[in-house]
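Chain letters run A, B, ... following the sequence lines, proteins first and then strands; every chain starts at 1.
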2 protein chains.
Amino acid sequence: MTSVPARRARRHDPGRRDRLVDTTLDVIAEQGVAAATHRAIARAADVPLGSLTYHFGSLTELLAAAFTRHVDAVAERFDERMRAAPDRAAALEALVEHLTGDLLGSPRDLVLAVELYVAAARDPALRAVTQDWMSRSRRSLERHLDRVTAREVDALVEGLVLHSALSTDPMDADRIRSALHRLAG
Amino acid sequence: MTSVPARRARRHDPGRRDRLVDTTLDVIAEQGVAAATHRAIARAADVPLGSLTYHFGSLTELLAAAFTRHVDAVAERFDERMRAAPDRAAALEALVEHLTGDLLGSPRDLVLAVELYVAAARDPALRAVTQDWMSRSRRSLERHLDRVTAREVDALVEGLVLHSALSTDPMDADRIRSALHRLAG
DNA sequence: GGCTCATAGGAACGAACGTACACAACGGCC
DNA sequence: GGCCGTTGTGTACGTTCGTTCCTATGAGCC
């Protein structure tokens, strides 16, 4: 009588689709793209397996949706910073802050970035997401830097992110600031 | 009578182990780490499936051997260039040459680099290979650059490689040269 | 020539995967 | 309240995977 019949999420579950996208990002961040299977995501989101193929036609479609959401968030956050900067010097400092605070401070974002890089190298659908990210990032930088410099800075930033993700001793804020100033100062 | 009985590699096959490592690199370059399965590699090398687990205790061990061989080759080639450079300016030009000629000119090396990055992000055994690569690369740069600059240049190079692998319009030699000189010139 | 052991070969196992599909449940409309 | 179409659920199928294991072979030594 006092049984607990509904151990699973409620039957009627609006917003489940959204939640699945978020959970997918969690799984990718914690276990990598290779481990982001239908079953792993379903387990993490506490929904039945069939629910995934109902909401998303294929696993690739789900992964693309997840990466798109992540890229949107990061790109928007970065552009806000660039928009808020009154001049070039402030923009560079904001970039340092973005790198040392937002990105390098969050292993999750770092891992997601690298996972996206690699997944995009093989999957054309994901490559579009990556290229969108790169072009948005460059556009944000061009608010305060000329096109050529923006491109160089973008490449340096990419390298810094990668180094931080894979190296044991990441660069600190001072070194990053000095490199950026030498490149764009 | 004129049949072709032995379609497979000879029964006695010294050097097969070496050949397997090379074939593994080929498969990774052509189809990615995710597709580098025992069966795919065995097919590509034209050896029976069991041969792989005989020579290598596990798939990870084989992948590590393959990436190690690749990193050794690239790092040695790069250090040769740095050793040959008489001064700092020549070293920078050699670096430009290394990037535009060796690396960016060869999609294979580019792809292998990115695949290694991503595989290393998850597998500790492969991370050791990546870190060895990074430290060797930095040491080669330090033949002509101070430690701090070498580190910055290394990060920029990493970013350039990644951009080239994923972007549709890679930077050309002039832009790379200009960025390097601004950072290290 | 016979023995021995490292190497070669192929079949098999259990697990995990993406996806398909038939059925259950329920909100919205009459 | 009863119908209907959307949404949710659980099972099953076929494939592929890493790995194991048993057998066959032949080169090197006596």
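- For the pair Asp79(B) and Arg143(B), the salt-bridge criterion is met [side-chain N within less than 4.0 Å of a carboxylate O].
- Comment: Glu152(A) does not engage Arg138(A) in a salt bridge, judged by the lack of any side-chain N to carboxylate O separation of less than 4.0 angstrom.
- At a threshold of 4.0 angstrom between heavy atoms, the contacts of Leu49(B) include nucleobase atoms, whether or not backbone atoms are also involved.
- Nearest heavy-atom pair across Val114(A) and Ala165(A) is CG2-CB, 3.7 Å.
- Phosphate contact (OP1/OP2 of dT16(D), side-chain N/O of His38(B), threshold under 4.0 Å): absent.
- Side chain Arg16(A) to base dG8(D): no donor-acceptor pair is found below 3.5 Å.
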>> Across nucleotides 22-30 of chain D, 5' to 3', mark each nucleotide with B, S or - according to how protein heavy atoms within less than 4.0 Å reach it.
In response: --BSS----
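- Summary for the helix from dG1(C)-dC30(D) to dC30(C)-dG1(D): the axes at its two ends, each from 5 pairs, differ by 0° when rounded to the nearest 10 degrees.
- Between the side chains of Arg139(B) and Ser135(B), at least one donor N or O sits under 3.5 Å from an acceptor N or O.
- Among residues two or more places apart in sequence or in another chain, the side-chain hydrogen bond (donor to acceptor under 3.5 Å, both in side chains) test is passed with Glu93(A) by Arg177(A).
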>> Could you go through Leu49(B) and Arg43(B), starting from their C-alpha distance and side-chain angles, then the distance that decides it, and tell me whether this counts as side-chain contact (heavy atoms from CB on, under 4.5 Å)?
In response: CA-CA 8 Å; Leu49(B) 180 59; Arg43(B) 210 177 307 127; over 6 Å; no
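- Under 4.0 angstrom from either OP1 or OP2 of dT19(C) there lies no side-chain N or O belonging to Thr53(A).
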